[in-house]
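Note sheet for the following structure.
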Amino acid sequence: MKTTIITFDEQKGALIQHLLQWKDFPKIVACDESDRTLYRELGCETVPRGMNFLETLKRLVSVVSTETFTFIYPGCFVNPNYFLEAANILRAPNVGLLAPSLDVAAGPQAVSQHVQFRQSVRVAPWCFSGRTSQIKSSLNTKRLLPGFDVVPHICTTFALEGLFQVVCSKYILQVPVSLKDRAKEADLGHYLLTQPVKPLNPVLVYTGHSGVPPRASTLFSEVIKAPLESVELPRDALVFVLNEGEDFDPSVTKEKIKRLCTPVDPATLAYYACVVNVWNGYKVGNLDWSLRVFRGGTSRLNSTIQSNPKLIPEDAKRTSGIVIRRKLKDLPRATLTVQPFTPPSLTIATIMKNEKDRLAAYLSLTLPYADEVLLVDTGSRDKSDKYARKFGARVINFKFRDHFAEARNMYLRKCKTKWLLHLDVDEVTDFKKVMNLILSNLPSVDGVQLQVLNVMKRTRSYVHQDAVRIIKNPNSWYYTGRVHETVEECAAKHSKSLIRASGLVIYHFGYLSSNVPSKLEYYRKLNELQMQENPYDCRPYFNLALHELNRQELTDEQIDKIIRMLKRSIELHSTFVLAKYELSRCYCLKALQLIEDIMQLAPRDHPLYKEVSEVYTLLKNYTRRIIVEE
């Protein structure tokens, strides 16, 4: 099967080398007039470069004569076998675009063990493959951007047409550092924040035979009574589905529905809703998370939604805070958990400053879920506060005085809901598990401790911490600490009841950003200032030790310094489990160095060699951190 490679003239040395390795495929290069002879001698067809990326891409695609093509940014490289495999995959009727993976998958599974194809609504901006006729049509009829973000915008367009993307995990795209530095140019998040808000029209599809439930009738002005599979879903509508015997919980308001109808990410195609079995005011059994909210689109997308919504790619789905009550006439005979049911009431809150890079992703996850997203802005200059307000978040501007606890205490004072989840802009968690927890009727519980996994840049591993992140009646709580602030001191002083083993995990990716060194230096100064203000606080010693652990390489002197800080932290707080855990790891690192010396000096038939090699393996496993799959 023939397929064409298209690219343009940039990074000439690398490009020529790669073109020679792709000699078995037709190739088209967009270049200046002066370089046309060079590329023709290399067996390439040429077209003139356009004024911008979009114009260049249109010219390249317009002369492709094969059924499929692959665009690859100059300087990038992928195994030539990818091109043929991509062409074969694109024969599937529901595949719109395809791309190789951008990175080797982290975690305990090797690449060969990964599912080869992953449905998506996003592909790599530096390389993608497509059916020529469909891409031509999209480029000629859709409003597209002239910048690099044209590629993810094509993905959104195709997703709304019901043509999903595929990421081929088997092949890894090699991207030069110079392109990674320009990644912001291709960032769809920037584009989404700056676009005008185009609300979708909320439509209720009621599949029951009786009258429309009372709460639903007050929330929706447009109601369709029919089975979902027989409804022609309106193109610019967000469709909510209720079945016989169901109605919306009082926590579902017009404001919450309005937020769902103004999605930050237009490629969000479906939302999970929480369905609760209720009998005489009691919650019966476990919560049922079901796809009940859908984006109306073309006939192809509607057909997918109506026949098998599970086919919608996972990254096109979000978890909403919509709660549906399913009324039970009788209590089931089977033994089930029965608890009083109280409508959920949750705020997601954090502080932020200049978070435009990550804000779109954060808002697209939190706004559909929480009753309120409350952001304390400490002085953004990139219009983060403006964009957050635009999509429905509540923003409080606050003058920052080098004290993170002061800023966080602001949202505790202003919170209006019963529960609050502290989730930073560079963090993610499982919202379904959070809802399961707060609907578990916990009258005597004041807070919930979560495990925070800090993903470290040095080894793509994690350092874990325990922190109270979910609290009840937020106005009665307060944070302490200039940096790495917590509410644990408040919990201890006021004898608040905590759940310490909730099983909930928050993944923190802040240490992967490029500005980590300057951020850590700033944190170091605040920690040292906190030591002066409160010399008996164990936290700054522990925090500084963790910062040191994120260094690229650790010398003996640095490990000794970390050990001293951890020991001081334990002296101040003898039951500080995480400090003792990190200290044990540091001692193991020291032991590993000695064992490596022994294994180098002792011959393999020495009686000590087998013994120390076994110990070496055990210690190596203990000191190695493995990141959970992202």
Side-chain angles (χ1 to χ4, degrees), residues 251 253 255-256 259 264 321 344-356 358-380 382-429 431 434-435 437-438 445-450 452 465 467-491 493-494 496 498 504 506 508 510 523 526 539:
S251 63
T253 62
E255 178 61 30
K256 183 175 284 189
R259 285 208 305 271
V264 180
S345 176
L346 175 73
T347 291
I348 296 178
T350 190
I351 58 177
M352 69 171 185
K353 180 180 180 181
N354 298 327
E355 290 290 359
K356 186 179 177 182
R358 294 180 285 215
L359 188 59
Y362 181 79
L363 294 177
S364 73
L365 293 173
T366 56
L367 283 172
Y369 177 76
D371 293 280
E372 181 176 64
V373 175
L374 179 55
L375 304 173
V376 174
D377 188 274
T378 59
S380 292
D382 64 355
K383 301 182 181 179
S384 292
D385 52 344
K386 170 189 170 183
Y387 295 130
R389 287 190 181 99
K390 170 181 171 181
F391 288 99
R394 183 180 168 209
V395 181
I396 299 171
N397 294 99
F398 180 83
K399 186 176 181 180
F400 189 64
R401 293 182 286 267
D402 291 334
H403 203 298
F404 285 90
E406 286 183 355
R408 292 200 185 276
N409 286 333
M410 174 59 72
Y411 66 63
L412 292 183
R413 291 195 295 270
K414 298 295 184 179
C415 182
K416 300 175 182 177
T417 56
K418 181 178 180 180
W419 292 92
L420 180 141
L421 167 64
H422 160 193
L423 187 75
D424 289 339
V425 178
D426 52 8
E427 295 176 336
V428 295
T429 192
F431 288 141
V434 173
M435 182 72 80
L437 187 73
I438 65 176
V445 172
D446 298 305
V448 183
Q449 193 175 67
L450 279 68
V452 181
Q465 293 175 282
V468 177
R469 290 296 198 93
I470 300 176
I471 56 179
K472 186 165 66 176
N473 302 323
N475 306 137
S476 67
W477 290 76
Y478 57 84
Y479 286 89
T480 59
R482 280 189 173 272
V483 64
H484 298 304
E485 59 291 347
T486 66
V487 294
E488 271 74 357
E489 184 177 321
C490 171
K493 284 187 176 181
H494 298 276
K496 292 184 179 289
L498 302 177
L504 284 170
I506 287 176
H508 173 227
Y523 288 171
L526 293 185
R539 291 173 298 176

If you measure from [atom1] on [X] to [atom2] on [Y], what distance do you get to the nearest 0.5 Å?
| X | Y | atom1 | atom2 | result |
| --- | --- | --- | --- | --- |
| Leu437 | Trp419 | CG | CH2 | 6.5 Å |
| Glu372 | Glu255 | CD | CD | 9.5 Å |
| Thr480 | Glu406 | OG1 | CD | 12.0 Å |
| Tyr478 | Cys490 | OH | SG | 4.5 Å |
| Thr429 | Leu421 | OG1 | CG | 7.0 Å |
| Leu359 | Phe391 | CG | CZ | 9.0 Å |

Member of Arg469, His508, His422 meeting the side-chain hydrogen bond (donor to acceptor under 3.5 Å, both in side chains) criterion with Glu427 |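 Result for side-chain hydrogen bond (donor to acceptor under 3.5 Å, both in side chains) with Glu427: Arg469.
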Identify, with sequence neighbours excluded, every residue that meets side chain to side chain contact (heavy atoms under 4.5 Å, CB included) alongside Ala370.
->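 Listed in chain order: Ile348, Val373.
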Residues forming a salt bridge (charged side-chain N to carboxylate O under 4.0 Å, His left out) with [X], sequence neighbours excluded:
| X | answer |
| --- | --- |
| Lys493 | Glu489 |
| Asp446 | none |
| Arg408 | Asp424, Glu485 |
| Asp371 | Lys256 |

Quick one: closest heavy-atom pair of [X] and [Y], and the distance?
| X | Y | answer |
| --- | --- | --- |
| Thr417 | Pro474 | O-CD, 3.4 Å |
| Ser384 | Asp377 | CB-OD2, 4.4 Å |
| Arg259 | Gly392 | CD-O, 4.1 Å |
| Ala393 | Leu367 | N-CD2, 3.9 Å |
| Pro344 | Ser251 | O-CB, 3.6 Å |

Do side-chain atoms of [X] reach the backbone of [Y] as a donor and acceptor pair under 3.5 angstrom?
| X | Y | value |
| --- | --- | --- |
| Lys472 | Val445 | yes |
| Tyr369 | Met435 | yes |
| Arg539 | His484 | no |
| Asn475 | Leu412 | yes |
| Thr378 | Met352 | yes |
| Asn354 | Asp382 | yes |

Test side-chain contact (heavy atoms from CB on, under 4.5 Å) on Leu504 and Ile470 and set out the steps.
-> CA-CA 10 Å; Leu504 284 170; Ile470 300 176; 3.8 Å; yes
Is the shortest heavy-atom distance from the side chain of [X] to the side chain of [Y] under 4.5 Å?
| X | Y | value |
| --- | --- | --- |
| Leu346 | Phe431 | no |
| His494 | Ser476 | no |
| Val468 | Thr486 | no |
| Leu374 | Ile396 | yes |
| Leu420 | Tyr411 | yes |

Can you pull the salt bridge (Lys or Arg N to Asp or Glu O under 4.0 Å) pairs that have at least one residue in residues 344-355, sequence neighbours excluded?
->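 Every pair satisfying salt bridge (Lys or Arg N to Asp or Glu O under 4.0 Å) with a residue in residues 344-355: Glu355-Arg358.
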Between Lys416 and Thr347, does a side-chain contact (heavy atoms from CB on, under 4.5 Å) hold up when you go through it step by step?
-> CA-CA 8 Å; Lys416 300 175 182 177; Thr347 291; 5.9 Å; no
Steps toward side-chain contact (heavy atoms from CB on, under 4.5 Å) verdict (Ile351, Phe398) = CA-CA 9 Å; Ile351 58 177; Phe398 180 83; over 6 Å; no
Is the number of heavy atoms from other residues, nucleotides or ligands within 6.0 Å of NZ (Lys390) greater than 12?
->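 More than 12 within 6.0 Å, yes.
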